[in-house]
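Before any comments, here is the structure.
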Amino acid sequence: MKILIMGTGGVGGYYGGLLAQKGHDVTFIARGAHLEALQASGLQVKSVHGDFHIFPVKAMANPAEAGVADLILFCVKTYDTDDAAALIRPAVGPHTAVISLQNGVEAAERIGKVIGSKHVLGGVAQISSLIEAPGVVRQVSHFRHIIFGEMDGHISERARAIEAVLKEAEITVEISTDIQKALWTKLIFISAASGLGALTRLPIGDWRNVAETRTLATSLMREIEAVARAQGIELDTDVVEKRLAFIDSAAPQIKASMQLDLETGRQFELDSIIGVIGRQGRQHGIATPIADFIYASLLPIQQKALSNKAGGR
């Protein structure tokens with residue numbers, strides 16, 4: 001299968017590396033020093049499931065040079081969604097499938113507005129992985145799970161074909177008939193992990209068992225659950241308890257990607273992971289005081305990161 005990885009960060013780099021290992025025609029879209037390292041030395045993956053090295057790799061900055069793909073794994077940060085969707089247009093043919101593996105609950109719709117909704121499937125990536133150095137991806141979670149599905153819930157032939165390719169690469173895969181439920185279920189987890197991690201600047205194992213902090217995380221999860229249910233998302237009745245159990249089962253040293261970006265002074269996904277809760281809550285008359293507090297607390301840090309980026313520092 002001809003596969004384009006739009007955004008070769010921790011997620012795209014790891015999953016793309018697994019697919020390249022199995023002989024698929026994989027093109028990695030990257031930029032800067034990371035791109036230069038990929039072109040010069042290939043992709044090095046350090047993983048709890050086993051290290052590997054792909055060389056040479058097809059890596060470039062412009063998706064238009066890659067040709068039409070069968071599958072595009074869309075893995076850019078959510079704040080780059082609209083620009084990145086425009087860039088992949090030349091790689092989207094009549095039968096190209098695009099799976100968003102981004103955080104949040106709005107990315108698939110945004111991509112569809114740019115390239116056509118018929119091409120887009122929703123996706124959830126459950127993984128902890130990051131760029132350790134240019135050309136080097138480190139994957140630290142025992143889980144490497146992808147949930148994806150058609151936006152209308154039917155199980156298509158293309159979904160089955162993609163499932164087979166991902167399974168062959170030893171990725172844990174699930175086709176969902178209710179991808180909105182999967183997206184909101186992940187948001188309940190990732191908002192708590194990102195928000196509390198960013199506030200405390202501590203790995204998950206250092207804050208999850210502090211009673212007061214756990215209460216804050218649980219309250220945030222309840223707010224997200226209420227916002228989802230207000231718009232007809234049929235979450236499990238014990239969704240919060242299950243997400244808390246998932247937090248408890250995570251390796252204690254894990255930090256969410258939003259927290260890692262914040263700690264290194266980069267722009268982070270504040271709006272799509274935290275801001276979305278208050279925005280959609282207000283649309284449906286749901287109070288979200290915990291989400292609003294976390295958003296307001298982190299917003300000055302985000303604005304400083306954007307200011308530094310604009311100033312070239």
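Hydrogens, waters and symmetry mates play no part in the numbers below; they use all other heavy atoms, side chains included. From a predicted model like this one, the values you see are computed outputs, not experimental measurements.
By the rule that hydrophobic residues join a cluster once side-chain heavy atoms approach within less than 4.5 Å of another member, I175 and M1 end up as members of one cluster. Placement of L35 and F28 in two distinct hydrophobic clusters is found when ILVMFWY residues are connected by side-chain heavy-atom separations under 4.5 Å, directly or transitively. Under the 4.5 Å side-chain heavy-atom criterion for grouping Ile, Leu, Val, Met, Phe, Trp and Tyr, I5 is connected to V137 within one hydrophobic cluster. Taking hydrophobic clusters as Ile, Leu, Val, Met, Phe, Trp and Tyr residues chained together by side-chain heavy-atom distances below 4.5 Å, I301 shares a cluster with I290. Linking ILVMFWY residues whenever their side-chain heavy atoms come closer than 4.5 Å, directly or via other members, leaves L38 and M6 in distinct clusters.
Judged by distance alone, the side chain of R144 and the main-chain N or O of E170 form a donor-acceptor pair under 3.5 Å. The closest donor-acceptor contact from the side chain of T8 to the backbone of I29 lies under 3.5 Å. In this structure, the side chain of T264 engages the main chain of L260 through a donor-acceptor pair within 3.5 Å. Under the 3.5 Å distance criterion, the side-chain polar atoms of Q44 are left unmatched by any main-chain donor or acceptor of K46. A side-chain donor-acceptor contact under 3.5 Å links Q259 to the backbone of L202. Remark: the backbone N or O of A159 is paired with a side-chain donor or acceptor of S156 at under 3.5 angstrom. In this structure a side-chain-to-backbone donor-acceptor pair under 3.5 Å is missing from K77 to E269. Checking side-chain atoms of S307 against main-chain N and O of K304 turns up no donor-acceptor pair under 3.5 Å. At least one donor-acceptor pair closer than 3.5 Å links the side chain of S129 to the backbone N or O of R138. Checked by atom type and distance alone, the side chain of H53 pairs as donor or acceptor with a backbone atom of S41 at under 3.5 Å.
Residues L101 and V124 have side chains not in contact (no heavy-atom distance under 4.5 Å, counting atoms from C-beta outward). Looking at heavy atoms from C-beta onward, R110 lies out of side-chain contact with S100 at the 4.5 angstrom threshold. Looking only at side-chain heavy atoms (C-beta outward), P90 and N62 stay at 4.5 Å or farther from each other. Contact check for L199 versus W207: no side-chain heavy atoms found under the 4.5 Å cut-off. Within the 4.5 Å cutoff, side-chain heavy atoms of L196 are placed close to those of L216. The shortest distance between side-chain heavy atoms of D248 and R208 falls below 4.5 Å. Counting heavy atoms from C-beta outward, F143 and T172 have side chains that stay 4.5 Å or more apart. Using a 4.5 Å heavy-atom threshold, the side chains of I277 and S191 count as touching.
The nearest pair of heavy atoms linking A85 to I115 is O-CG2, 3.5 Å. Between A66 and T27 the shortest heavy-atom distance is CB-CG2, 3.9 Å. Nearest heavy-atom pair across M151 and V120 is CG-O, 3.7 Å. The shortest non-hydrogen separation linking T237 to E225 is O-OE2, 4.3 Å. Closest approach of G281 to V227, counting heavy atoms only: CA-CG2, 3.8 Å. Closest approach of M258 to A198, counting heavy atoms only: CE-CB, 4.0 Å.
Atoms NE2 and CD, on H34 and E36 in that order, are 11.5 Å from each other to the nearest 0.5 Å. With rounding to the nearest 0.5 Å, the separation of CG in L235 from CD1 in I188 is 5.0 Å. Rounded to the nearest 0.5 Å, atoms CD1 (I171) and CD1 (I146) are 4.5 Å apart. The CD1 atom of I224 sits 13.0 Å away from atom NZ of K186, with the distance rounded to the nearest 0.5 Å. Considering CD1 of I274 and CG of L270, their distance stands at 7.0 Å, rounded to 0.5 Å. To the nearest 0.5 Å, atoms CG (N308) and CZ (R266) are separated by 13.5 Å.
For F189, the ring-ring contact (aromatic ring centres under 6.0 Å, His included) partners two or more places apart in sequence, or in a different chain, are F246. Partners of R201 according to the salt bridge (charged side-chain N to carboxylate O under 4.0 Å, His left out) rule, which considers only residues two or more places apart in sequence or in another chain, do not exist here.
At a threshold of 4.0 Å, the pair R243-D236 does not count as salt-bridged, since none of the basic side-chain nitrogens sits closer than that to a carboxylate oxygen. Under the 4.0 Å criterion applied to side-chain N and carboxylate O atoms, D80 and R31 are assigned as salt-bridge partners. With salt bridges taken as basic N to acidic carboxylate O contacts below 4.0 Å, one links E241 and R222. Classification of E163 and R160 as a salt-bridged pair holds, one side-chain N sitting under 4.0 Å from a carboxylate O. Here R279 pairs with E106 in a salt bridge; the nearest charged N to carboxylate O distance falls below 4.0 Å. Salt-bridge check for D70 with R158: failed, with every basic side-chain N at 4.0 Å or more from each acidic carboxylate O.
Applying the 6.0 Å contact sphere to CD of Q231 captures more than 12 heavy atoms from other residues, nucleotides or ligands. With a 6.0 Å radius and a threshold of 12 heavy atoms from other residues, nucleotides or ligands, H154 has its NE2 atom above the threshold. When the shell of 6.0 Å around CD of Q253 is examined, it contains more than 12 heavy atoms from other residues, nucleotides or ligands. Few gaps surround NE2 on H49; more than 12 heavy atoms of other groups in view lie less than 6.0 Å from it.
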Subject >> Test log, rule side-chain contact (heavy atoms from CB on, under 4.5 Å), inputs M221 and L244 >> reply: CA-CA 9 Å; M221 290 177 164; L244 284 169; 3.9 Å; yes
Original post:
Do V240 and T218 pass the side-chain contact (heavy atoms from CB on, under 4.5 Å) test, and can you show the C-alpha distance, the side-chain angles, and the key distance before you say yes or no?
Top reply: CA-CA 7 Å; V240 170; T218 304; 4.2 Å; yes
Original post:
Hey, mind stepping through L73 and L19 against side-chain contact (heavy atoms from CB on, under 4.5 Å) and telling me if it holds?
Top reply: CA-CA 11 Å; L73 296 185; L19 291 163; 4.0 Å; yes
Subject >> Full working for salt bridge (charged side-chain N to carboxylate O under 4.0 Å, His left out) between K255 and E263 >> reply: CA-CA 10 Å; K255 293 182 178 182; E263 290 179 349; 3.0 Å; yes
**OP:** For side-chain contact (heavy atoms from CB on, under 4.5 Å), just list the numbers for D206 and T200, CA-CA rounded to whole Å, side-chain angles, deciding distance to a tenth of an Å, and then say yes or no.
**Re:** CA-CA 9 Å; D206 288 339; T200 63; over 6 Å; no
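Ring geometry for F52 against Y14 counts as tilted: the plane angle lies between 30° and 60°, on a 0 to 90° scale.
A side-chain donor from one of H24 and E168 sits under 3.5 Å from a side-chain acceptor of the other. Inspection of the Q302 and Q267 side chains reveals no N or O donor paired with an N or O acceptor under 3.5 Å. Donor-acceptor pairing under 3.5 Å is recorded for the side chains of S47 and Q139. For the 3.5 Å distance criterion, the side chains of Q102 and T78 fail to qualify, holding no donor opposite an acceptor.
Judged as a ring pair (Phe, Tyr, Trp, His ring centres under 6.0 Å), not a single pair has a partner in residues 155-187 (not counting sequence neighbours).
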